[in-house]
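Quick note on labels: first sequence line is chain A, next is B, and so on, each numbered from 1.
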Number of protein chains: 2
Amino acid sequence: MTHYSGYDRFNIAVDCIIFGFDNEGLKLLLLKRSFEPAKGKWSLMGGFLKEEESLDDAAARVLENLTGLQNVYMEQLAAFGDVGRDPGDRVISAAYFALINIDDSDRALVEKHNAHWVLFKEVPDLIFDHNAMVIRALKRLRRKAATEPIGFNLLPEKFTLTQLQRMYEAVFQHELDKRNFRKKILQMNVLEKLEEKDKESSKRGAYLYCFNEQKYHDLISEGSTFGI
Amino acid sequence: MTHYSGYDRFNIAVDCIIFGFDNEGLKLLLLKRSFEPAKGKWSLMGGFLKEEESLDDAAARVLENLTGLQNVYMEQLAAFGDVGRDPGDRVISAAYFALINIDDSDRALVEKHNAHWVLFKEVPDLIFDHNAMVIRALKRLRRKAATEPIGFNLLPEKFTLTQLQRMYEAVFQHELDKRNFRKKILQMNVLEKLEEKDKESSKRGAYLYCFNEQKYHDLISEGSTFGI
DNA sequence: AAATAGAGTGTAAACATAACACTTAAATTC
DNA sequence: GAATTTAAGTGTTATGTTTACACTCTATTT
């Protein structure tokens, strides 16, 4: 028994803008739609909300279905509710964006869904209002990555300062000065310098670092803020 | 005929966080709920989405019902979708915030809805997750007001620099330096200084200004940004 | 032993932000 | 009509932040 009988009811979808990063740059996980309408067209991963789950839960479920990953950094972007946005039927979509480390995702599962990592700069025409969602997600990512330590979610647990810098350069789409970048990130004192070195990308080897949640909280509680 | 039969369908609400400003400070337009559940409790103004309207249209309709105002600055905050958020039934709510000039609102209409302007600092316990919406709305307002010229929507067309400063102080909840504030806002060259003076608040009188959209666009196109 | 390739490091100039106090104009009061 | 009141209006200096910039180091490969 409901208190709100007599009002229109709607299908609700969640769509996921899934960001990844590797040497080539910032990428999105997109798929070719396997059902009508718009079968065969490029699309974001999506799914319909179920009665017993929250929007956040639905987004996490949809993301896990595609990538096999749990406990991923996700954030709701906005709800998209234009009348004609989905020609299949009236659907309100809550768009979420996720930041993942590409290497963590389940390759087999991704392939099974006919999904592909596409360089952000090369994102094709997507169905419905998905391109608009993607553009807004990037804006949000840029703003948040500049003021909160969320970019680390795009990297492996351990990373070099050069990798970290490349990640931010890919997100902001402009180059950063190496010395200024290192000064800034190290002065905030949120990174832990490890004994280990990464030998992949240079002969000399570069020290590995990891983000330290505790140090970040200390920074905040002394009244400072994170900022790149 | 739908392509998406078999999926759960939901009631969708829009809830409006309506900001206003006057000499006393930043205020919210809240109402005492006139229907079950939670009848008599403080609440945001809300309404249910209709089949033939977009989310944005629904929010504008709900706001107009309460205030009589059209073409108001409104922005979607987020969709709130926790399972138990509304004990009346499962409802997904898209929260919108609006910035209006209190004096423009239709007093009779506001009273008819049993709505009241409440100082932000004195906002009572609200139903459901409405307090959470309000807190997020203020955060968003603060961030956006600091980087985009949206604060003017809280003021009358013509305003003095002191009024403008008071408005920003109310939004940010901290005092600003008069000389620095004036230097900054005038240097951006987005205000038009009028011949008229306001004689209400001082014996000497203070020049009135208005925000000039064209000047703002010029500022942006020369690569600068708005910022307080 | 020489060459290579990326890692790692400091300073100075330019710019932006923050702190600060008195004079002016008009109305009101005595 | 002189004195008082009230908010409006106005610049400069110190401090902090951001930007620009080039060479040495280390380990591997040739």
Side-chain angles (χ1 to χ4, degrees), chain A residues 22-25 142 145-147 155-156 158-170 172-210 219 222-228, chain B residues 22-25 142 145-147 155-156 158-170 172-210 219 222-228:
Chain A
D22 65 15
N23 305 335
E24 298 174 73
R142 281 183 177 165
T147 55
L155 294 173
K158 302 169 182 180
F159 48 81
T160 66
L161 294 181
T162 301
Q163 278 177 280
L164 186 64
Q165 184 181 340
R166 297 281 171 270
M167 181 274 291
Y168 280 112
E169 288 174 337
F172 300 141
Q173 285 293 299
H174 61 78
E175 301 204 338
L176 300 169
D177 179 274
K178 180 161 65 158
R179 283 179 286 187
N180 293 340
F181 175 78
R182 287 171 179 235
K183 214 184 314 167
K184 200 163 198 178
I185 196 87
L186 293 175
Q187 269 173 7
M188 284 189 289
N189 192 35
V190 296
L191 298 186
E192 195 174 322
K193 186 177 185 173
L194 306 175
E195 306 283 300
E196 278 175 275
K197 284 191 171 188
D198 170 82
K199 299 275 192 172
E200 303 277 301
S201 58
S202 86
K203 291 164 182 174
R204 177 179 177 178
Y207 279 102
L208 287 165
Y209 290 77
C210 65
L219 179 82
E222 80 187 16
S224 304
T225 54
F226 182 91
I228 296 297
Chain B
D22 65 17
N23 304 335
E24 298 174 76
R142 281 184 177 165
T147 55
L155 295 174
K158 301 170 182 179
F159 48 82
T160 67
L161 294 182
T162 300
Q163 278 177 281
L164 187 63
Q165 184 181 339
R166 297 283 172 268
M167 181 274 291
Y168 280 113
E169 288 173 336
F172 300 143
Q173 284 295 295
H174 63 77
E175 301 203 340
L176 299 170
D177 179 274
K178 181 161 65 159
R179 281 178 286 189
N180 292 339
F181 175 78
R182 285 169 182 239
K183 213 184 312 167
K184 200 162 196 177
I185 197 87
L186 292 175
Q187 269 174 6
M188 283 188 289
N189 193 34
V190 296
L191 298 187
E192 195 174 323
K193 186 177 185 172
L194 306 175
E195 306 284 299
E196 276 175 276
K197 283 190 172 186
D198 169 82
K199 298 274 193 171
E200 302 276 300
S201 58
S202 87
K203 292 162 182 174
R204 176 179 178 176
Y207 279 104
L208 287 165
Y209 289 77
C210 66
L219 179 82
E222 81 189 16
S224 305
T225 54
F226 182 91
I228 298 296

- Note on the structure: Protein-proximity profile, nucleotides 8-13 of chain C, B/S/- by nucleotide at the 4.0 Å heavy-atom cutoff, equals BBBB--

[X]: side chain to side chain donor-acceptor pair (under 3.5 Å) partners, not counting sequence neighbours:
X	value
Lys178(B)	none
Ser202(A)	none
Ser224(B)	none
Lys184(B)	none

- Message: Suppose we screen for side-chain contact (heavy atoms from CB on, under 4.5 Å). Which residues come up paired with Ala170(B), at least two apart in sequence or across chains?
- Response: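 Only Phe21(B), Leu26(B) meet the side-chain contact (heavy atoms from CB on, under 4.5 Å) criterion with Ala170(B).
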
- Item | With sequence neighbours excluded, residues passing side-chain contact (heavy atoms from CB on, under 4.5 Å) with Lys203(A) |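 Listed in chain order: nothing, the list is empty.
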
Name all residues meeting the salt bridge (Lys or Arg N to Asp or Glu O under 4.0 Å) criterion together with [X]; count only those two or more places apart in sequence or in a different chain, and write none if there are none.
X	answer
Lys158(B)	Glu196(B)
Arg166(A)	Glu169(A)
Glu24(B)	Lys27(B)

Protein-nucleotides 3-5 of chain D N/O pairs closer than 3.5 Å?
residue, atom, partner, partner atom, Å
dT5(D), O2, Lys203(B), NZ, 3.4

- Terminal helix-axis angle for the helix from dA1(C)-dT30(D) to dC30(C)-dG1(D), with five pairs defining each axis and rounding to 10 degrees: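 That helix gives 0° between its end axes.
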
- Query: Does Lys197(A) count as lying over the ring of Tyr207(A), i.e. NZ or CZ under 6.0 Å from the six-ring centre, within 45 degrees of the axis?
  - Reply: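 Flagged: Lys197(A) positioned over aromatic ring of Tyr207(A).
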
- For the pair made of NZ in Lys199(A) and P in dT26(D), what is the distance, rounded to whole Å?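 Result: 12 Å.
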
